[in-house]
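Model, not experiment: these values are computed from the prediction. Here is how names work: the chains are called A, B, and so on, in the same order as the sequence lines, proteins then strands, and each is numbered from 1. All heavy atoms count here, side chains included; hydrogens, waters and symmetry mates do not.
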There are 2 protein chains.
Amino acid sequence: MRPSKRDELVQKALKVFYRNGFHATGMDMLVAETGVSKTSMYNHFRTKEDLILAVLRLRDENFRNWLYRRMEERADTPRDQLIAMFDALEEWFEEPGFRGCMFIKASAEYQNADHAIHIQSAEHKRMLQVHVGELARKAGLENPDVLARQLLLLKEGAIVTAHLQHTQAPAQDAKAAAIALIELAD
Amino acid sequence: MRPSKRDELVQKALKVFYRNGFHATGMDMLVAETGVSKTSMYNHFRTKEDLILAVLRLRDENFRNWLYRRMEERADTPRDQLIAMFDALEEWFEEPGFRGCMFIKASAEYQNADHAIHIQSAEHKRMLQVHVGELARKAGLENPDVLARQLLLLKEGAIVTAHLQHTQAPAQDAKAAAIALIELAD
DNA sequence: GACTTTATTTACAGATCAGTACATTTGATC
DNA sequence: GATCAAATGTACTGATCTGTAAATAAAGTC
């Protein structure tokens with residue numbers, strides 16, 4: 001099944017939202033950017049919020065697939081894959097279009113804890129945590145869940161800092177810290 | 001000198017922007033919230049962007065003063081003050097109105113690297129880094145600047161995660177990681 | 001108290017916001 | 001090819017956006 005019209009719209013909306021922000025991007029801009037008419041857009045997505053939620057679902061899928069795959073390509077053992085996460089991050093930071101984490105930005109614009117967009121952003125992070133936690137467990141490290149949380153703090157910090165200071169340096173700082181924490185848990 | 005009208009406006013605008021976000025807060029809402037008229041508002045601040053920049057300046061002053069003071073109150077030595085930073089963070093996370101870092105959110109809404117709001121947000125982080133770097137140096141730790149950057153990655157990660165998952169747990173995870181990194185640099 | 005300057009209010013401009021009613025086109029079915 | 005249903009385009013709504021022009025009030029100054 002080739003990508004449906006809807007999927008195509010989500011994909012293009014993802015780019016615009018990521019580059020431009022959520023509130024700053026109007027439906028008119030999306031309509032202009034995608035070439036589709038407004039009625040069609042609202043036929044595919046009941047509201048702007050629905051569109052954003054669809055965008056976040058796609059982003060979650062894309063990002064986690066990419067990150068997990070890249071970690072596996074770069075290292076063989078679970079332990080080394082944890083470390084490779086930070087090299088993958090560096091690759092991401094180097095991309096010209098890098099603009100930080102879409103979920104952090106989504107939760108920054110939709111702050112209310114019970115807002116669907118906020119909840120879905122939190123869910124993305126939770127799934128990352130589960131995955132990293134399992135890698136830490138497979139690697140036979142002590143307190144794998146605590147370690148996973150700490151590695152993810154380094155990851156989030158690195159993403160935010162790389163975006164704010166527009167440099168990829170935080171990836172290597174975080175990697176060095178991660179190695180230290182992993183060795184201590186060995 | 002008692003707070004001028006302008007300072008009062010900045011203070012109230014800070015609360016509204018922090019609670020509500022930047023794009024989501026219109027000048028009309030601020031005018032209603034502060035009781036002042038629209039023309040007065042625009043007499044004090046040429047544009048919404050100017051108001052936001054003034055808000056961020058106040059936030060920078062408030063936050064760094066509060067954090068540095070709290071670190072000193074909680075610990076005597078530079079080394080322990082570095083660790084106490086994470087206890088101070090936990091205090092912050094526990095506050096009912098906690099909504100994450102205003103500068104991360106500002107840079108999330110004004111992403112362009114050469115936007116004044118983005119630049120000013122980055123400057124806040126840079127000043128924190130200098131301060132923490134000096135503490136690490138005073139504590140006689142190895143590679144004080146690298147360590148400072150790593151501790152701040154933990155801090156940013158903890159803030160983002162605490163906001164996203166609305167729990168204060170990241171503060172203690174970050175603290176434990178920080179202690180490990182500090183001991184390794186001892 | 002008259003005069004000047006400054007701050008404030010009211011009322012509005014033009015653009016854009018999310019969302020929709022209705023006409024038109026398109027594509028499938030007979 | 002006629003008929004019908006789904007997708008699309010046009011044109012609009014009322015609300016809200018940032019920002020402003022002109023009228024009014026307040027506060028000094030002589």
Side-chain angles (χ1 to χ4, degrees), chain A residues 1-57 102 105-106 108-112 115-118 120, chain B residues 1-57 105-106 108-112 114-118 120:
Chain A
M1 190 174 109
R2 74 188 172 297
S4 69
K5 190 86 188 175
R6 189 191 145 100
D7 293 338
E8 191 188 314
L9 290 177
V10 175
Q11 209 158 11
K12 287 195 180 171
L14 168 57
K15 280 188 194 166
V16 182
F17 279 131
Y18 184 64
R19 186 186 344 120
N20 221 60
F22 297 96
H23 283 98
T25 302
M27 294 298 270
D28 287 318
M29 185 191 290
L30 290 167
V31 159
E33 203 84 14
T34 56
V36 85
S37 81
K38 208 158 187 184
T39 310
S40 294
M41 185 66 95
Y42 274 98
N43 191 17
H44 286 293
F45 309 96
R46 213 172 45 80
T47 62
K48 184 182 182 182
E49 182 179 323
D50 279 1
L51 173 57
I52 292 175
L53 288 171
V55 163
L56 291 181
R57 265 188 293 275
M102 190 151 203
K105 295 194 291 190
E109 292 206 48
Y110 302 90
Q111 304 197 56
N112 214 312
H115 194 297
I117 292 175
H118 194 104
Q120 194 164 313
Chain B
M1 189 174 109
R2 73 190 174 295
S4 69
K5 190 84 187 176
R6 189 192 144 100
D7 293 339
E8 192 188 315
L9 291 176
V10 175
Q11 209 159 11
K12 287 196 180 171
L14 168 55
K15 280 187 194 166
V16 182
F17 279 131
Y18 184 64
R19 184 185 346 118
N20 220 60
F22 296 97
H23 282 100
T25 302
M27 294 298 271
D28 287 319
M29 185 190 289
L30 290 167
V31 159
E33 202 86 13
T34 56
V36 85
S37 80
K38 208 158 188 184
T39 311
S40 294
M41 187 65 98
Y42 274 98
N43 191 17
H44 285 293
F45 309 96
R46 213 172 44 80
T47 62
K48 184 183 182 181
E49 181 179 323
D50 279 3
L51 172 57
I52 293 176
L53 288 171
V55 162
L56 292 181
R57 265 188 292 275
K105 295 193 292 191
E109 293 206 47
Y110 302 90
Q111 305 196 55
N112 213 311
D114 56 7
H115 195 297
I117 292 175
H118 193 103
Q120 193 164 313

Trainee: Is the shortest side-chain heavy-atom distance between A:Leu51 and A:Phe17 below 4.5 Å?
Mentor: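 In short, these two side chains touch, coming nearer than 4.5 Å.
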Trainee: Are side-chain heavy atoms of B:Glu8 and B:Thr34 found at a separation under 4.5 Å?
Mentor: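 They are not in side-chain contact.
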Trainee: Do the side chains of B:His23 and A:Phe22 get nearer than 4.5 Å, heavy atoms only?
Mentor: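 No, side chains not in contact.
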Trainee: Can you confirm if the NZ or CZ of B:Lys105 lies within 45° of the ring axis of B:Tyr18 and under 6.0 Å from the centre of its six-membered ring?
Mentor: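 The answer is yes; both the distance and angle limits are met.
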Trainee: Between residues 17-25 of chain B and DNA chain D, which residues have a heavy-atom gap below 4.0 Å?
Mentor: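 Within this stretch, B:Thr25 sit under 4.0 Å of the strand.
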Trainee: Grab the CG-P distance between B:Leu9 and C:dA7 for me, whole Å please.
Mentor: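 Value for this atom pair: 13 Å.
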Trainee: With rounding to the nearest 0.5 Å, note down the distance linking CD in A:Glu109 to CD in B:Glu109.
Mentor: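 One finds 4.0 Å between CD of A:Glu109 and CD of B:Glu109.
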Trainee: Quick check: do B:Leu30 and B:Leu9 have side-chain heavy atoms less than 4.5 Å from each other?
Mentor: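 Answer no - side chains too far apart.
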Trainee: Indicate the atoms forming the closest heavy-atom contact of A:Leu53 with A:Gln120, along with that distance.
Mentor: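 Minimum heavy-atom separation between A:Leu53 and A:Gln120: O-NE2, 3.0 Å.
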Trainee: Which residues within residues 44-56 of chain B lie with some heavy atom under 4.0 Å of an atom in DNA chain D?
Mentor: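 Residues of residues 44-56 of chain B that come under 4.0 Å of DNA chain D are, in numerical order, B:Thr47, B:Lys48.
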Trainee: At their closest point, which heavy atom of B:His118 faces which heavy atom of B:Tyr110, and how far apart are they?
Mentor: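 Between these two residues, the closest heavy atoms are ND1-O, 3.0 Å.
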Trainee: Of all the heavy-atom pairs spanning B:Ala54 and B:Val10, show the shortest one and how long it is.
Mentor: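 Shortest heavy-atom separation between B:Ala54 and B:Val10 comes out as O-CG1, 3.6 Å.
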Trainee: Mind running a 4.0 Å heavy-atom check of residues 26-42 of chain A against DNA chain D and sending the residues that fall below it, in number order?
Mentor: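 Close to the strand are A:Val36, A:Ser37, A:Thr39, A:Ser40.
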Trainee: Test your reading of the model: is there a side-chain donor-acceptor pair from B:Thr25 to the backbone of B:Gly21, 3.5 Å cut-off?
Mentor: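 Checking the backbone N and O of B:Gly21 against the side chain of B:Thr25, a donor-acceptor pair under 3.5 Å is found.
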